[in-house]
Amino acid sequence: MAAVLLSPFSVLLFARISAFLVAILVITWALHFQTSFVPISPSQEDLIYAVMHPLLMVIGFILISGEAILVYRWLPGSRNLKKSVHLCLQGVALGCGIFGIWTKFHGQDGIVANFYSLHSWMGLICISMFGAQWLFGFMSFWHKGEVRTTRLKMLPWHVFLGLYTYGLAVVTAETGLLEKLTLLQANSDVTKRGPESSIVNGLGLSLVLLSSIVVLAAVLPKHQTPNPKVML
């Protein structure tokens, strides 16, 4: 039973289900409860930027970067193909993350007012590490001038830093959810057992589930890679 649950096909299936659940919850929260993001007489522009932040950071940054990690498990083809798709997906995730943070510079209270909490500082650290990791991966693995022995020495660090940064992104998102929900409940805008609280808490739990499955898929032994024909 344990072998079936830990098979690459099962792990990838669970990852898809949890990612779909995360996407549904964050879209529902951002689009159905828009007034929770800019509750004080927002302009249309402020509302758009506020709603884009969770969508870009969760779907664009966390989900796509998780998919980039899973590429080595589900994508058939050569190693160079997997590397190129992995690099491109991580580049898209980095772009979404940068744009998602950029939206916070357009709040009505100014730049400094949006960067004061643990969540904001963790977000800046995370996106900086992610950008450095992307450049590190490009220079170490994609650049043809690197000798093979150097790339092999860099590989464990690249894997460790990649998984660490991905985990940091999830933790940063969790602190953002906690910060936002606590503020809304303290202002009596949201009840503790209301539908919005349930959605935000469900989103936080779904992110934890997704991150655990992605990390598990990344560390599974290589010989358990499924047959590409079966996956397709």
Side-chain angles (χ1 to χ4, degrees), residues 19 22-68 89-135 161-162 164-190 194 196-197 199-208 210-211 214:
V22 168
I24 290 297
L25 289 174
V26 72
I27 290 174
T28 302
W29 184 39
L31 299 184
H32 185 68
F33 299 96
Q34 292 183 0
T35 55
S36 294
F37 292 92
V38 189
I40 305 175
S41 301
S43 66
Q44 188 64 27
E45 183 180 4
D46 287 339
L47 181 58
I48 291 174
Y49 283 133
V51 170
M52 285 177 63
H53 181 73
L55 293 177
L56 286 169
M57 301 311 293
V58 174
I59 296 179
F61 189 49
I62 294 178
L63 293 192
I64 294 180
S65 63
E67 191 64 26
L89 287 176
Q90 294 288 39
V92 172
L94 177 61
C96 289
I98 293 174
F99 189 38
I101 291 180
W102 177 81
T103 60
K104 301 305 292 182
F105 284 82
H106 290 268
Q108 57 186 356
D109 296 328
I111 296 176
V112 177
N114 287 294
F115 292 94
Y116 63 91
S117 64
L118 176 64
H119 170 68
S120 61
W121 283 107
M122 287 181 66
L124 290 175
I125 293 172
C126 180
I127 202 68
S128 300
M129 290 184 62
F130 195 94
Q133 170 73 353
W134 190 86
L135 290 175
L161 289 175
Y164 177 82
T165 307
Y166 175 75
L168 181 61
V170 174
V171 174
T172 302
E174 298 286 4
T175 60
L177 295 176
L178 178 61
E179 176 185 309
K180 187 66 177 179
L181 189 58
T182 301
L183 179 62
L184 291 173
Q185 290 176 349
N187 294 335
S188 299
D189 296 321
V190 174
E196 185 170 358
S197 295
I199 288 176
V200 176
N201 289 330
L203 175 59
L205 292 174
S206 299
L207 283 170
V208 171
L210 173 63
S211 62
V214 170

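Here the structure is a predicted model, which is why all the values come from computation and not from measurement.
Rounded to the nearest 0.5 Å, atoms CG (L178) and CG (L183) are 11.0 Å apart. With rounding to the nearest 0.5 angstrom, the CG atom of N187 is 11.0 Å from the OG1 atom of T182. Atom CE of M122 sits about 5.0 Å away from atom CG of L168, to the nearest 0.5 Å. Rounded to the nearest 0.5 Å, atoms CG (L94) and CZ (F99) are 14.0 Å apart. Atoms OG1 and CG, on T28 and L203 in that order, are 10.0 Å from each other to the nearest 0.5 Å.
Counting only heavy atoms from C-beta outward, the side chains of N201 and L181 approach each other to under 4.5 Å. V190 is not listed as a side-chain neighbour of F33, based on a closest heavy-atom distance of 4.5 Å or more. Two residues are said to be in side-chain contact when any heavy atoms from C-beta on lie closer than 4.5 Å; Y49 and W102 meet this criterion. Residues T103 and I48 fail the side-chain proximity criterion, which asks for heavy atoms closer than 4.5 Å. Using a 4.5 Å heavy-atom threshold, the side chains of V200 and L25 count as separate.
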Worked check of side chain to side chain contact (heavy atoms under 4.5 Å, CB included) between V171 and Y166: CA-CA 9 Å; V171 174; Y166 175 75; over 6 Å; no

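Under a 3.5 Å cut-off, the side chain of K180 and the backbone N or O of T175 do not form any donor-acceptor pair. Distance alone, capped at 3.5 Å, is enough to place a donor-acceptor pair between the S120 side chain and the S117 backbone. Judged purely by atom type and a 3.5 angstrom limit, H119 uses its side chain to pair as donor or acceptor with the backbone of T172.
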Output side-chain donor-acceptor pairs under 3.5 Å for residues 50-65, partner residues at least two apart or in another chain, one line each.
{"residue": "H53", "atom": "ND1", "partner": "G100", "partner atom": "O", "Å": "2.8"}
{"residue": "S65", "atom": "OG", "partner": "F61", "partner atom": "O", "Å": "2.6"}
{"residue": "S65", "atom": "OG", "partner": "I62", "partner atom": "O", "Å": "3.0"}

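Of the N and O atoms on the side chains of T165 and Q133, not one donor lies less than 3.5 Å from an acceptor on the other residue.
Applying the side chain to side chain donor-acceptor pair (under 3.5 Å) criterion to E67, with sequence neighbours excluded, gives R16, W74.
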